[in-house]
Every structure is written in C-alpha cells, then in structure tokens.
S.K.: 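If you scroll down you'll find the structure; I have some questions about it.
Numbers restart at 1 for each chain; the letters A, B, ... are given by sequence-line order, proteins then strands.
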Amino acid sequence: FATYNWMIRSFCQMGLHDLAQVLFGYMRSDGHLAESSELLWFMVTAFVHARRFDFAGKLLSELRGLGVQITPFVYNNLLNELVKSNQVHEAVILFKDFLVLESSPDTWTFNILIRGLCRVGEVDRAFEFLNDMESFGCSPDIVTYNTLINGLCRINDFDRGLGLLQELQSGSGCCPDVVSYTSIMSGFCKSGQLEDAYSLFQEMVGSGIKPSIITFNVLIDGYGKINDMVAAEAVYEKM
RNA sequence: CCCUUUAAA
C-alpha cells in the first residue's frame with residue numbers, strides 16, 4: 001500500500017490524474033481500500049483542483065463506504081477555494097457530491113455558496129439556498145443575511161436590500177449590525193445616492209450601532225466621487 | 001495579501 005500511496009500522490013502532484021485514477025483502481029483491486037482514507041481525501045482535493053468533479057464524486061462515495069467522517073470544516077475549505085477562483089457552479093456541483101457523506105453541511109457551507117452566487121450576480125439562486133438551509137437543519141445567521149444584502153446592493157436592487165434589512169429589524173432571528181448598514185451604504189454611494197447613504201448612516205447611529213472605519217471610508221469616498229468635498233470633510237470630522 | 005463565510009480601498 002505504501003507504494004500505491006506515494007505513487008498516486010506523486011502522479012496527482014505531477015498533474016497525471018489519469019494515471020493516478022488507473023492506479024487507484026489497481027490499489028482497490030488489491031484490497032487496499034480500507035487503509036486509504038487519508039489518501040482518498042488527498043485525491044478528492046487533487047481531482048477537484050483538476051476540475052475532474054466526476055471522479056471526485058466517486059471518491060467521495062468510496063469515503064462514505066468506508067464510513068469516513070469528513071467534517072464540514074474540511075470540505076468548506078475546498079468549496080471556498082472554488083468560490084474564490086470564480087468557480088461557483090463547480091462548487092455547487094461539489095456541494096451536491098458532499099451530500100452523499102454522512103456529515104451534514106453547516107451554516108458556513110451555505111454562507112460560502114451564497115456568497116459565491118451573489119458574486120456572479122445570481123442572487124435569486126442564492127435565495128434558493130437560503131430557503132434550502134432549513135431542510136438541512138441549518139439556520140441563517142447575520143453573515144448569511146449580510147451576504148445576501150450585499151448581493152442585492154451589488155446589482156443595485158436597493159429596495160430588496162432595504163427590505164431584508166427591515167426584516168432583520170422586525171424579525172426575531174438576528175439583528176442588523178454595522179456590516180449590514182455599511183453594505184447598503186456602499187451600494188448607495190457607488191450609484192451616487194449620497195442622501196440615501198447618509199440617512200442610513202443616521203439611522204444606524206440612531207439605533208446605537210457604532211460606525212466602523214470602513215463605514216466612514218465608504219461615506220468619504222462616496223462624497224469624494226461626486227466632488228462634494230465639504231460633505232466629505234464634515235464626515236471626516238465626525239470620526 | 002488572504003487562507004473555513006459577510007461591508008470600503
């Protein structure tokens with residue numbers, strides 16, 4: 001098994017995934033599957049990086065067959081890697097493959113996917129995942145909502161963004177925080193709606209939430225872009 | 001630079 005182990009790893013590192021796949025088949029036939037759980041996860045990451053999601057999914061099935069527990073912490077990292085490299089749809093495919101494992105996704109898993117979908121403008125798809133969370137026993141948290149709010153503002157859908165903010169204010173779940181407000185303020189600033197941004201700023205301060213350095217940065221930058229240096233300086237004096 | 005998830009640059 002030791003020989004299979006390092007040969008397969010070497011092939012993966014050399015980018016020879018076809019050879020690694022063939023070798024894995026031989027190793028399996030030789031009855032070494034039971035001792036290969038750590039190698040299996042190594043191969044999963046390698047094949048995902050090589051965009052070979054079909055075989056990665058088969059490997060995950062093997063892992064389940066071995067009764068190996070892969071924690072969400074571990075595979076969230078992999079999903080996040082894909083999202084960061086603009087491969088959200090691949091991440092969604094992989095997410096579905098992860099469902100064959102015994103371990104259930106957690107809130108972070110959904111937050112990563114929701115963020116990815118928002119980044120490519122598929123906000124409605126992101127909301128579908130929000131609705132699916134509950135069936136997996138996951139509750140959306142403030143990060144989930146802030147991510148969605150930001151996604152809405154990025155596509156200039158301020159009405160829905162503000163609506164979600166109001167939902168947080170009235171709902172019993174979680175309360176909006178400085179990120180929620182700053183996110184929408186940033187959207188307003190980018191589209192030159194400084195009056196709306198500033199009234200949100202006042203609303204935030206009025207509800208006892210302390211603006212952060214980023215909040216001020218957003219406002220000052222927004223006023224600078226519309227050449228209102230007087231207002232920009234006025235905000236600067238507040239910090 | 002980050003390196004399990006959210007706001008500015």
Side-chain angles (χ1 to χ4, degrees), chain A residues 41 44-45 48-49 69-88 91-92 94-95 98 101 103-123 126-127 129-130 132-133 136 138-158 160-162 164-165 167-168 173-194 196-198 200-201 203-205 209-226 232 235-236 238-239:
Chain A
W41 180 251
V44 169
T45 62
V48 165
H49 289 143
Q69 289 291 335
I70 302 292
T71 63
F73 181 92
V74 171
Y75 64 71
N76 285 349
N77 262 307
L78 196 50
L79 292 176
N80 194 34
E81 274 186 57
L82 288 174
V83 166
K84 278 184 176 167
S85 54
N86 295 314
Q87 303 184 61
V88 202
V92 171
L94 194 59
F95 167 73
F98 283 147
L101 300 170
S103 52
S104 304
D106 60 9
T107 299
W108 290 54
T109 313
F110 285 97
N111 288 348
I112 289 167
L113 294 175
I114 286 172
R115 152 119 193 286
L117 290 168
C118 285
R119 275 175 53 142
V120 297
E122 298 184 30
V123 182
F127 271 96
F129 274 89
L130 172 70
D132 287 343
M133 290 180 74
F136 289 97
C138 300
S139 322
D141 60 10
I142 186 62
V143 173
T144 316
Y145 290 116
N146 286 344
T147 306
L148 287 165
I149 286 173
N150 189 247
L152 289 168
C153 290
R154 278 182 51 116
I155 59 173
N156 290 319
D157 199 341
F158 299 117
R160 284 175 73 194
L162 288 169
L164 196 49
L165 182 71
E167 229 175 274
L168 289 182
C174 34
C175 300
D177 61 9
V178 60
V179 175
S180 322
Y181 282 100
T182 306
S183 189
I184 306 180
M185 284 171 53
S186 171
F188 278 139
C189 287
K190 279 175 182 162
S191 55
Q193 306 181 43
L194 269 296
D196 296 310
Y198 193 72
L200 258 185
F201 175 78
E203 180 185 323
M204 179 181 79
V205 174
I209 298 172
K210 281 184 70 69
S212 72
I213 182 68
I214 296 182
T215 313
F216 286 111
N217 202 343
V218 165
L219 272 181
I220 293 171
D221 193 56
Y223 281 122
K225 280 189 175 134
I226 61 169
V235 172
Y236 179 79
K238 285 175 182 289
M239 45 185 304

S.K.: Can you list everything that forms a side-chain contact (heavy atoms from CB on, under 4.5 Å) with A/Val44? Sequence neighbours excluded, please.
M.R.: A/Trp41, A/Val48, A/Leu59, A/Leu60, A/Leu63, A/Leu78
S.K.: May I have the distance from A/Lys84 (atom NZ) to B/C3 (atom P), rounded to whole angstrom?
M.R.: 7 Å
S.K.: For A/Leu78 and B/U5, what is the distance between atoms CG and P respectively, to the nearest whole Å?
M.R.: 14 Å
S.K.: Show every side-chain hydrogen bond (donor to acceptor under 3.5 Å, both in side chains) that has at least one partner inside residues 147-157 of chain A, sequence neighbours left out.
M.R.: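 Every pair satisfying side-chain hydrogen bond (donor to acceptor under 3.5 Å, both in side chains) with a residue in residues 147-157 of chain A: A/Asn150-A/Ser183.
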S.K.: Check the distance between B/U5's C1' and A/Leu130's CG and give it to me in whole angstrom.
M.R.: 14 Å
S.K.: The criterion is salt bridge (Lys or Arg N to Asp or Glu O under 4.0 Å); which residues satisfy it with A/Asp221, sequence neighbours excluded?
M.R.: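 Listed in chain order: A/Lys225.
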S.K.: Using atom CG of A/Leu94 as one end and atom P of B/U4 as the other, report the distance to the nearest whole Å.
M.R.: 18 Å
S.K.: A/Arg119 has an atom CZ; how far is it from atom P of B/U6, in whole Å?
M.R.: 9 Å
S.K.: Using the 3.5 Å cut-off, write out each protein N or O paired with an N or O of nucleotides 7-9 of chain B and the distance between them.
M.R.:
from : atom 1 : to       : atom 2 : distance (Å)
B/A7 : N1     : A/Ser212 : OG     : 3.3
B/A8 : N3     : A/Asn217 : ND2    : 2.8

S.K.: Provide the distance between the two P atoms, one in B/A7 and one in B/C3, to the nearest whole Å.
M.R.: 13 Å
S.K.: B/C2 and B/U6: how far apart are their P atoms, nearest whole angstrom?
M.R.: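 The answer is 14 Å between these two P atoms.
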S.K.: In whole Å, I'd like the distance from the CG atom of A/Leu152 to the P atom of B/U6.
M.R.: 17 Å
S.K.: Rounding to a whole Å, what distance do you find between A/Asn77:CG and B/C3:C1'?
M.R.: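 Going from A/Asn77 (CG) to B/C3 (C1'), I get 8 Å.
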S.K.: Please state how far atom CG in A/Asn111 lies from atom C1' in B/U5, giving the value in whole angstrom units.
M.R.: 5 Å
S.K.: Take the angle between the ring planes of A/Phe136 and A/Phe95 and call it parallel below 30°, perpendicular above 60°, tilted in between.
M.R.: perpendicular
S.K.: Using the salt bridge (Lys or Arg N to Asp or Glu O under 4.0 Å) criterion, which residues pair with A/Lys190? Sequence neighbours excluded.
M.R.: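 Expected list: none.
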S.K.: Using the rule for Phe, Tyr, His and the six-membered ring of Trp, do A/Trp108 and B/U4 stack at under 5.5 Å and under 30°?
M.R.: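 Here the ring of A/Trp108 and the base of B/U4 are stacked, with centres under 5.5 Å and planes under 30°.
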S.K.: The criterion is salt bridge (Lys or Arg N to Asp or Glu O under 4.0 Å); which residues satisfy it with A/Glu122, sequence neighbours excluded?
M.R.: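 So A/Glu122 forms a salt bridge (Lys or Arg N to Asp or Glu O under 4.0 Å) with A/Arg125.
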S.K.: Which distance, rounded to the nearest 0.5 Å, do you find between the CD of A/Gln87 and the NE2 of A/His49?
M.R.: 9.0 Å
